[in-house]
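Everything below concerns the one structure shown next.
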Amino acid sequence: MAVPTSAPRRRGRYTEQDLLRLRNDGRKYELVNGRLVEVPTGGQHGEIVAALIGRLYASRQPDTVLYSDSTGFRMRTGNIRSPDAAVMRRERLPEGRSPVDFADGAPDLAVEVVAPSESQGELAQKVIEYFDSGAREVWLLFPDRQQVYRYTAPLSVVILNRDDMLTGGDILPDFSVKVSELFE
């Protein structure tokens, strides 16, 4: 499994423009505190994300937009985060349309599939940033444990185990799946 590392070093801080100009090397990067940070992914990760996006797509509402992990969201801190899946209400987008580059603010729902190499500190920072930037929910999916941590506020979490049902709440009222099915 890939370990979070920084892109090639340079003097000074990286900017949003640097992230936009980054050549596609098959890796996923986020802009974090002026550094380009590689986000760990892999085959299992990609399979889980693809299946989840299919389920989210089937239950999305007409007034929402679903995004994949290639979409960057501009946090209040200046960081650019790219959750593995995201749902955002159209009313939060300029003229109800997705921007060409990064979306301002966090999505209403940010979903992260957690790699074993990601630290608790990194995850906590992401959760806090998402909520500070406008998220209403954050889901952390842990494939190795077959658990979902469903945050409705930075310090308000419900841990769902393999036999529990994950629902989309008021963001995706038609979404419901048994947690174990997320990891099949």
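Side chains are part of it too, since the values below use all heavy atoms of this structure and drop only hydrogens, waters and symmetry mates. Note that this is a predicted model, so its numbers are computed, not measured.
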**Asked** Hey, does H45 have a side-chain heavy atom less than 4.5 Å from the side chain of D84?
**Response** yes
**Asked** Can a donor-acceptor pair be found between the side chains of N79 and E129 at a distance below 3.5 Å?
**Response** yes
**Item:** Smallest separation among heavy atoms of D104 and M88, with atom names
**Value:** O-CE, 3.7 Å
**Prompt:** Considering all heavy atoms of both residues, which atom of R60 and which atom of L172 are nearest to each other, and what is their separation?
**Reply:** CA-CD2, 3.6 Å
**Prompt:** With a 4.0 Å cut-off, would you call E38 and K28 a salt bridge?
**Reply:** no
**Request:** Would you please test D101 and R74 for side-chain contact (heavy atoms from CB on, under 4.5 Å) and show each step?
**Result:** CA-CA 10 Å; D101 56 5; R74 190 177 290 112; 4.1 Å; yes
**Asked** Nearest 0.5 Å, what's the CG-CZ distance between L155 and F131?
**Response** 9.5 Å
**Prompt:** Can you name the closest pair of heavy atoms from G134 and D108 and give their distance?
**Reply:** O-OD1, 4.4 Å
**Fill in**
Those residues at least two apart in sequence (or on a different chain) that pass side-chain hydrogen bond (donor to acceptor under 3.5 Å, both in side chains) with D25 are Y29
**Item:** Atom CD of E181 with >12 non-hydrogen neighbours under 6.0 angstrom
**Value:** yes
**Message:** Any heavy-atom pair between the side chains of Y130 and P83 that's under 4.5 Å?
**Reply:** yes
**Message:** The test is salt bridge (charged side-chain N to carboxylate O under 4.0 Å, His left out); show your working for D163 and K178 and say whether it passes.
**Reply:** CA-CA 6 Å; D163 293 327; K178 189 174 180 180; 3.8 Å; yes
**Request:** Heavy atoms only: give me the nearest A85-L52 pair and the separation to one decimal.
**Result:** CB-CD2, 4.3 Å
**Request:** Calculate, to the nearest 0.5 Å, the distance between atoms CZ and CZ belonging to R55 and F175 respectively.
**Result:** 7.0 Å
**Message:** Quick one, T152 and R136 - any side-chain contact, counting heavy atoms below 4.5 Å?
**Reply:** no
**Prompt:** Less than 4.5 Å apart, any side-chain heavy atom of L140 and any of V138?
**Reply:** yes
**Message:** Working to the nearest 0.5 angstrom, can you tell me the gap between T64 OG1 and E91 CD?
**Reply:** 11.0 Å
**Asked** Hey, are the side chains of V65 and V87 touching, using non-hydrogen atoms and a 4.5 Å cut-off?
**Response** no
**Item:** Test log, rule side-chain contact (heavy atoms from CB on, under 4.5 Å), inputs L123 and E112
**Value:** CA-CA 9 Å; L123 295 172; E112 296 280 357; 5.6 Å; no
**Asked** Mind checking whether I159 and I48 sit in one hydrophobic cluster, side chains of I, L, V, M, F, W, Y counted as touching below 4.5 Å?
**Response** no
**Asked** Any Lys/Arg nitrogen of R97 or E95 sitting under 4.0 Å from an Asp/Glu carboxylate oxygen of the other?
**Response** no
**Item:** Any side-chain donor near an acceptor of the partner, R150 and S156, under 3.5 Å
**Value:** no
**Asked** Could you state the interatomic distance from CG (D144) to CG (L141), rounded to the nearest 0.5 Å?
**Response** 11.0 Å
**Item:** Residue pair L66 / I53, side-chain heavy-atom distance below 4.5 Å
**Value:** yes
**Prompt:** What are the two closest heavy atoms between E118 and P40, and how far apart are they?
**Reply:** CG-CG, 3.8 Å
**L36 with I80, same ILVMFWY side-chain cluster at under 4.5 Å** = yes
**Request:** Drop me the distance from E30's CD to F73's CZ, to the nearest 0.5 angstrom.
**Result:** 11.0 Å
**Asked** Given the rule in the side-chain contact (heavy atoms from CB on, under 4.5 Å) test, do E137 and V111 qualify, once you have shown the distances and angles that lead to the verdict?
**Response** CA-CA 9 Å; E137 283 201 28; V111 183; over 6 Å; no
**Asked** What residues, two or more places apart in sequence or in another chain, satisfy ring pair (Phe, Tyr, Trp, His ring centres under 6.0 Å) together with Y149?
**Response** F142
**Message:** Quick check on the hydrophobic clustering: are V157 and I128 connected, directly or via other members, by side-chain heavy-atom contacts under 4.5 Å?
**Reply:** no
**Asked** Does a side-chain heavy-atom distance below 4.5 Å link L182 with L166?
**Response** yes
**Request:** May I ask you to say whether R89 pairs ionically with D63, meaning some side-chain N is under 4.0 Å from a carboxylate O?
**Result:** no
**Message:** Using a strict threshold of under 4.0 Å (side-chain N to carboxylate O), is an ion pair present between R76 and D132?
**Reply:** yes
**Message:** Between Y67 and S82, do the side chains contain a donor N or O and an acceptor N or O under 3.5 Å apart?
**Reply:** no
**Prompt:** Are Q125 and V32 side-chain neighbours, meaning at least one heavy-atom pair lies under 4.5 Å?
**Reply:** yes
**Prompt:** Could you state the interatomic distance from CG (D174) to OG1 (T167), rounded to the nearest 0.5 Å?
**Reply:** 11.0 Å
**Request:** Group every Ile, Leu, Val, Met, Phe, Trp and Tyr by side-chain heavy-atom contacts under 4.5 Å, then state whether V158 and V114 land in the same group.
**Result:** no
**Prompt:** What's the shortest heavy-atom distance between Y151 and V127, and which atoms?
**Reply:** CD2-CG1, 3.9 Å
**Message:** Are F102 and L31 connected into the same hydrophobic cluster when the rule is that any two of I, L, V, M, F, W, Y join if their side-chain heavy atoms are below 4.5 Å apart?
**Reply:** yes
